[in-house]
Q: 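Below is a structure I'd like to ask you about.
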Amino acid sequence: MTWNANNRSKPGEDGLHPTYCRLCEAQCGLLANVEKGKITKILPDRDHPASQGHLCIKGPGMVDVMYDQDRVTNPLKRNRVTGEFEPVDWDTALRDIAARLIQIIQANGADAIATYLGNPAAFSTLHIMYARMFLAKLGADKIFSPLHADTGAQFLAEELVYGSPAHHTFADLESCDFLIMIGANPMVSHFSMVTEPLALHKLNEIHARGGVVVIDPRRTETAKRFEHIAIRPDSDAWLLCAILNHIFAGGLANTEILRQRTDDWEQLRDALQPFSPEIASLRCGIDAASIRQLAERFAKARTSACYGRLGTCRGRFSTLTNLLIEYLNIACGRFGVPGGWVIGDVPFSALATKTPAHDEAQSRVSGLPSLMGFMPSGSIAAEIATPGKGQVRALFVDSGNPLHSYPDPEAAEAAFAKLDLLVSIDFYVNETGKLADYILPAPTFYERADLTLAFMANAPRPWVQFTPEVIPPLGEARLEADIYNEILGRMGLPRLFSAFATTDRPQPELMDIADQMLRRGPYGDQMGKNPDGLSIAKLRDWFPHGIRLAPGVNAQESWNRIQNERKRPQLWPDLLPKELARLLSDPKNDDETLLLFGRRSLGSLNTWMHNVERLVRGDRPTLLMHPDDAAPRNIADGDMVRVSSKTGSVLIEAEMSYEVVRGSACYPHGWGHDGGWRHANSLPGANFNVLASSDPRDWEQVSAVVHLDGIKITVSRAEGSAAMP
Ligand SMILES: Nc1nc2c(c(=O)[nH]1)N[C@H]1C(S)=C(S)[C@@H](COP(=O)(O)OP(=O)(O)OC[C@H]3O[C@@H](n4cnc5c(=O)[nH]c(N)nc54)[C@H](O)[C@@H]3O)O[C@H]1N2
Ligand SMILES: Nc1nc2c(c(=O)[nH]1)N[C@H]1C(S)=C(S)[C@@H](COP(=O)(O)OP(=O)(O)OC[C@H]3O[C@@H](n4cnc5c(=O)[nH]c(N)nc54)[C@H](O)[C@@H]3O)O[C@H]1N2
Ligand code: SF4
Ligand SMILES: [Mo]
């Protein structure tokens, strides 16, 4: 499918094409130079209204992915006997897939079909919506995603406090004077759940106005630039309880706001009494005086916000931690004020149905609740391996690599091999794809039109941009929506978006739907009734670099964006007393075990950018250990070490570092490759998730997020280990 009416520069034409990067939430503006149908260079777009010339190495590096010799641009079929992939034509592949789906539905029912929708889909227009639609058309609804290794706990906390997991709170960086960042490393990640490409610039401004405090078990790239408070992994709930305890005990709370605009704050205040800074200090490793000082700086700053990201989302108390972040902002009167903690404006009209509520469905294998309509994704292998009604027999893996991204890859490998049908929609044969019956090649984002529908509600400086494809899809690559439509067609089922058909649009296409959402939304042209409003055609022709939608977020409006019935933040959900009691009775960690947590690097993105030599040249996956933890174990820099958890064990290289807090160890995620990529497979390193548990009892039970940060490990010097050169 192409969006081809009157493009300024047509896909593939020579010259500079304004476009934007769809790798991380910053969505930086880019200029792609095309010569003879090929992208030759990616330049920063200084005319972009938000990124203003910022970009990182991955945006240009994506061109190397595009032209990678290991990239898949034609459909492949795996011979189950030899294990080898062979080229196959689209029609044969799609017909076979359609026939097998019909067979599976007849024999096992539609609930034997499931989809795993990976991270890149979040950046591709309406992808999450239409992947769900595809399943719905088949009569199925079991969908898995990275949610349970990522944002799940934050979204659940938002649902519990404000009534919706799809309306997010974030820091209004523009006029914030004091920012606490817990478990986030925007100097590398470029922020998550705050859409702001100029991360460094914005943090520098806040630092100059008041302060940026980074709470992290590692002295990260971000922590080094600002103030760092080192914390033990998986102990943030203690710290936050103690900060709130001091806020209430020290008369620092904004009781007027609490009384007038929230519900149940007194229960929260009373329940936090046992969590004195002294008691919390024993658990989180931050001294009581520093906890009190942090609380006071936060409460007394002219404006302030407390923001948490991935480091708060994969521990054993993730939902609690994320609730406490909301409560801290609310209790200090920071919610819904400029420079504070806000809910942004969704700049599009929602055509989709309401996001399903937490616990609307339960996993048949663990009993754990669904979140936003996604099934507990750590159970994907068990959903395939466990017999009974609803056993998954056919799996679509679209833009994902669950075998590498979730705990216990060995169990996943065994389970995936037993499927009747595994289809990977991807441009690489990744570790999951290696087991697939079919690889159906998708275009990269440079070969695809998109509208910045996603993440704009989280932008302190909201904008919108449309990009046509810079060049047409390489080889036979096909957009995911088209692939789904072709399968549905061969099954005799209606196309995606058929529910939106009208007499003048009998077969609406993806971009027609996106256009409708923009045009009917608050900034839209109201289908022609408001000539000053926006449409995709206008963005394409008049604003190819994108356009700022508003000078900033309307912070006060955050109150009107609360989605629960009472339209007030709820400070005492049913699960809270239980979670607080669980925290209080949590046994203290002994000194023998270390707590393992992860890190990312600037040149790689999760599991799939390691095949590009220039992106990984400077990376070396090592286990960072504090010298005080290494010495008693007789471990030195460069030694190979055996790292074991109750789930698995890996042999990796150790690196001495004062960056990590004592009692912890840090290893990057996404390494240890064994997919269809030559360079990545040749690199050292192991898959972190071998050490993470796939036993649902080890996960946080309310959100079903898996436990990836703070995994208990033992580390010993490997026999015969010599220091690496
Ligand atoms: N131990 C540990 N585990 C983690 C994490 C961690 O920090 N530590 N992080 C977690 C997080 S935050 C996330 S988001 C997940 C990610 O988990 P996943 O989404 O399962 O995995 P990715 O590594 O993002 O793999 C994405 C795949 O999509 C392909 N792809 C890229 N763009 C496109 C596209 O446009 N279309 C299609 N069809 N395919 C595309 C890539 O080639 C790649 O194979 O991993 C989680 N797992
Ligand atoms: N270069 C690059 N950028 C990326 C990605 C990438 O892979 N590479 N991935 C993208 C994706 S999918 C996501 S979800 C975002 C994530 O964006 P961020 O959350 O900003 O990035 P992370 O590097 O995961 O940062 C998590 C931080 O939490 C810390 N941490 C770990 N455990 C704990 C803990 O128990 N307590 C506290 N307080 N901190 C802890 C880690 O040391 C780390 O610094 O990044 C996105 N951007
Ligand atoms: S920061 Fe890098 S990866 Fe993220 S959008 Fe910008 S160029 Fe792309
Ligand atoms: Mo993520």
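All ligand and atom numbering here is 1-based and tracks the order in the structure. What you are looking at is a predicted structure, and each value in this text was computed from that prediction instead of being measured.
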Q: Is the His669 to Phe688 ring centre distance short of 6.0 Å?
A: no

Q: At what distance is the nearest protein heavy atom to atom 5 (C) of ligand 2, and which residue and atom is it?
A: Leu605 CD1, 3.4 Å

Q: Taking the cut-offs as 6.0 angstrom to the six-membered ring centre and 45 degrees off its axis, would you call Arg448 and Phe123 a cation-pi pair?
A: no

Q: Judged by modelled atom types alone, do Thr151 and Gln154 share a side-chain donor-acceptor pair under 3.5 Å?
A: no

Q: What atoms of ligand 2 come within less than 4.0 Å of a heavy atom belonging to Arg309?
A: 14 (S), 19 (O)

Q: Evaluate side-chain contact (heavy atoms from CB on, under 4.5 Å) for Trp238 paired with Ile279, printing each intermediate quantity in order.
A: CA-CA 8 Å; Trp238 287 99; Ile279 287 180; 3.9 Å; yes

Q: From atom 19 (O) of ligand 2, work out which of Leu310, Val661, Asp236 has a heavy atom at the shortest distance.
A: Leu310

Q: Would you mind checking which non-hydrogen protein atom is closest to atom 18 (P) of ligand 2, with the distance to 0.1 Å?
A: Ser189 OG, 3.5 Å

Q: Which residue owns the protein heavy atom closest to atom 22 (P) of ligand 2, what's the atom, and how far is it?
A: Arg600 NE, 3.5 Å

Q: Could you give me the CA-CA distance, side-chain angles and deciding distance for Asp68 and Tyr428, then say whether side-chain hydrogen bond (donor to acceptor under 3.5 Å, both in side chains) is met?
A: CA-CA 9 Å; Asp68 190 338; Tyr428 276 130; 2.6 Å; yes

Q: Would you say the side-chain atoms of Thr222 pair up with the backbone N or O of Met187, donor to acceptor, closer than 3.5 Å?
A: yes

Q: Of all the non-hydrogen atoms in the protein, which one sits nearest to atom 6 (C) of ligand 2, and at what distance?
A: Ser604 O, 3.4 Å

Q: Can you confirm if the NZ or CZ of Arg71 lies within 45° of the ring axis of Tyr67 and under 6.0 Å from the centre of its six-membered ring?
A: no

Q: Give me the nearest non-hydrogen protein atom to atom 35 (O) of ligand 2 as residue plus atom name, then the distance to 0.1 Å.
A: Asp234 N, 2.7 Å

Q: Leaving waters out, which protein N, O or S atoms fall under 2.8 Å from atom 2 (Fe) of ligand 3?
A: Cys56 SG

Q: Would you indicate whether Lys41, at its atom NZ, is surrounded by more than 12 heavy atoms from other residues, nucleotides or ligands within a distance under 6.0 Å?
A: no

Q: Is the backbone of His679 close enough, under 3.5 Å, to the side chain of Asn611 for a donor and an acceptor to pair up by distance?
A: yes

Q: Below 4.0 angstrom from a heavy atom of Ile231, which ligand 2 atoms are there? Numbered from 1 as shown, please.
A: 38 (N)

Q: Number the atoms of ligand 3 from 1 as they appear, then name those within less than 4.0 Å of a heavy atom of Gln27, with their elements.
A: 5 (S)

Q: Can you pull out the closest protein heavy atom to atom 34 (C) of ligand 2? Residue, atom name and distance to 0.1 Å, please.
A: Gly311 O, 3.2 Å

Q: How far is atom 42 (O) of ligand 2 from its nearest protein heavy atom, and which residue and atom is that?
A: Asp216 OD1, 2.6 Å

Q: What is the nearest protein non-hydrogen atom to atom 1 (N) of ligand 2, stated with its residue, atom name and distance?
A: Ser601 O, 2.9 Å

Q: Check step by step if side-chain contact (heavy atoms from CB on, under 4.5 Å) holds for Leu173 and Ile206.
A: CA-CA 7 Å; Leu173 305 173; Ile206 299 171; 3.9 Å; yes

Q: So if I count the atoms of ligand 2 from 1 in the order they appear, which ones are less than 4.0 Å from some heavy atom of Leu602?
A: 1 (N)

Q: Can the ring centres of Trp608 and His404 be said to be less than 6.0 Å apart?
A: no

